[in-house]
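Note that the structure is predicted; figures quoted are calculated from it, not measured.
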Amino acid sequence: MVGEGTQFFESVADTAARLAEVGYLASTEVATTVFLADRLGKPLLVEGPAGVGKTELAKAVAALGRARLVRLQCYEGIDESRALYEWNHAKQLLRITAGRDEGWDAARTDIFGEEFLLTRPLLTAIRGDGPTVLLIDEMDKADVEVEALLLEVLSDYQVTVPELGTITATRRPFVLLTSNATRELSEALRRRCLFLHLDYPEAELERRIVRLRVPGLDAALAESLVRVVGALRALELRKAPSVAETVDWARTLLALGADTLDETVVRATLGVVLKHQDDVLKAAQKLTVA
């Protein structure tokens, strides 16, 4: 039977307050969903465009709980050996060679032991005996077959290694999956999770984020910056500015000693927030700084 997880939060208000202490300003919706994932012991699927704070949310939970952050970075072609575990074949071969006078039954029992097991993120998180946050990042980039690997992990917090048996978590990790929605995730995976959609924040919240991350920035300049970023997001761009890029732009203005966000400054620094030349050209043509 799976062990109990570490409860990081006492209430929704406590969740918002503690996330803010580690630099993550959460809306009521975010704080409520994170609290419920923690209290109910359910994985949390966070979906939304790139750069809105999905990965940072997992990092914030790990930081405030002084928990180990175990990250599985998904990509096309990732397989079981990279997600769960694999055997150290070179070391196994050396063991077989060293004991070549032994029978196969004796050697087989030996080489499929802990000494030869290479744990990957999913198994590492399941076997952890301390507070653990498991971040499965950019799940939509993995092949659909990888989702099947996760079903046992997310349902029962256990992993089956044929040679060793079923390994069940003694301390349930806090699990957060992220997706940029580049493909549809399976209903089986979604059923096992609580769901949270993160979008670009409202202007007031983004101003608070900028002031928190770049405390030296003037309040009026921060307001102008957020207003311009909002106008950029309203354009049909290949890649809209993320919250992280808003913060980078604020740091850029501070480094340049800019007092106002006039048209000259905007045109000179658009490359901080826009990463495609056609986006830069479109913004330069259409954007009017108020």
Side-chain angles (χ1 to χ4, degrees), residues 8-9 11-20 22-64 69 71-75 133-142 144 146-147 150-151 153-155 173-210 212-213 226 229-247 273:
F8 294 114
F9 309 108
S11 65
V12 173
D14 177 63
T15 304
R18 296 192 63 200
L19 286 172
V22 294
Y24 193 98
L25 299 181
S27 66
T28 301
E29 179 187 6
V30 171
T32 301
T33 310
V34 171
F35 168 73
L36 290 174
D38 177 54
R39 183 55 59 92
L40 300 177
K42 299 277 287 184
L44 174 58
L45 171 60
V46 186
E47 202 167 64
V52 293
K54 302 186 297 296
T55 301
E56 291 302 314
L57 180 57
K59 293 179 179 179
V61 173
L64 65 87
L69 178 65
R71 181 173 183 170
L72 174 62
Q73 179 62 54
C74 297
Y75 54 87
V133 173
L134 172 59
L135 167 61
I136 304 173
D137 214 5
E138 298 185 296
M139 184 66 224
D140 52 320
K141 289 187 177 180
V144 293
V146 176
E147 293 187 29
L150 291 173
L151 297 183
V153 176
L154 300 183
S155 294
F174 182 100
V175 182
L176 190 148
L177 305 88
T178 76
S179 170
N180 295 334
T182 58
R183 73 168 178 86
E184 189 67 26
L185 301 179
S186 71
E187 290 301 321
L189 181 64
R190 289 180 178 275
R191 280 198 306 271
R192 286 160 172 78
C193 304
L194 299 185
F195 177 75
L196 174 65
H197 180 79
L198 273 186
D199 209 337
Y200 299 112
E202 297 292 332
E204 179 184 356
L205 179 56
E206 192 159 20
R207 282 195 298 270
R208 291 173 57 203
I209 293 171
V210 170
L212 178 66
R213 297 297 181 91
V226 169
V229 168
L232 288 172
R233 289 176 184 151
L235 301 176
E236 294 184 1
L237 303 176
R238 289 178 61 184
K239 169 63 174 66
S242 68
V243 178
E245 287 159 342
T246 303
V247 173
V273 288

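Across Ala26 and Ala31, no two heavy atoms sit closer than the pair CB-N, 4.3 Å. The two residues Tyr200 and Ala240 make their nearest non-hydrogen contact at OH-CB, 3.6 Å. Leu69 and Ala58 get closest at one heavy-atom pair: CD1-O, 4.3 Å. Closest non-hydrogen pair, Ile136 versus Leu150, comes out as CD1-CD2, 3.7 Å. Between Glu147 and Ser186, the closest heavy-atom pair is OE1-OG, 2.5 Å.
In this structure, the separation between CD on Glu206 and CG on Leu25 is 11.5 Å, given to the nearest 0.5 Å. Residue Leu176 holds its CG atom at 10.5 Å from CG of Leu194, rounded to the nearest 0.5 Å. Taking OG of Ser179 as the reference point, atom CE of Met139 lies at 8.5 Å (rounded to 0.5 Å). Leu45 contributes atom CG, which lies 6.5 Å from atom CG of Leu189 (distance to the nearest 0.5 angstrom). For the atom pair Arg71 CZ and Asp137 CG, the distance stands at 4.5 Å (nearest 0.5 Å). For the atom pair Leu177 CG and Leu196 CG, the distance stands at 12.0 Å (nearest 0.5 Å).
Between Val61 and Tyr24 there is no side-chain heavy-atom pair separated by less than 4.5 Å. No side-chain heavy atom of Val243 sits less than 4.5 Å from a side-chain heavy atom of Val229.
With sequence neighbours excluded, the residues forming a salt bridge (Lys or Arg N to Asp or Glu O under 4.0 Å) with Glu245 are Lys239, Lys275, listed by chain and number. Applying the side-chain contact (heavy atoms from CB on, under 4.5 Å) test to Arg213 and every residue at least two apart in sequence or in another chain returns Ile209, Val247, Arg251. Qualifying side-chain contact (heavy atoms from CB on, under 4.5 Å) partners for Arg192, counting only residues two or more places apart in sequence or in other chains: Leu151, Leu154, Ser155, Ala188.
Not a single donor-acceptor pair under 3.5 Å links the side chain of Ser242 to the backbone N or O of Val52. Between the side chain of Lys54 and the main chain of Leu198, no donor-acceptor pair closer than 3.5 Å is present.
We find that Glu56 and Lys59 are joined by a salt bridge, their nearest charged nitrogen and carboxylate oxygen being less than 4.0 Å apart.
More than 12 heavy atoms of other residues, nucleotides or ligands sit less than 6.0 Å from atom CD of Gln73.
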Apply side chain to side chain contact (heavy atoms under 4.5 Å, CB included) to residues Phe174 and Val34 and explain how you reach the verdict.
CA-CA 10 Å; Phe174 182 100; Val34 171; 4.2 Å; yes
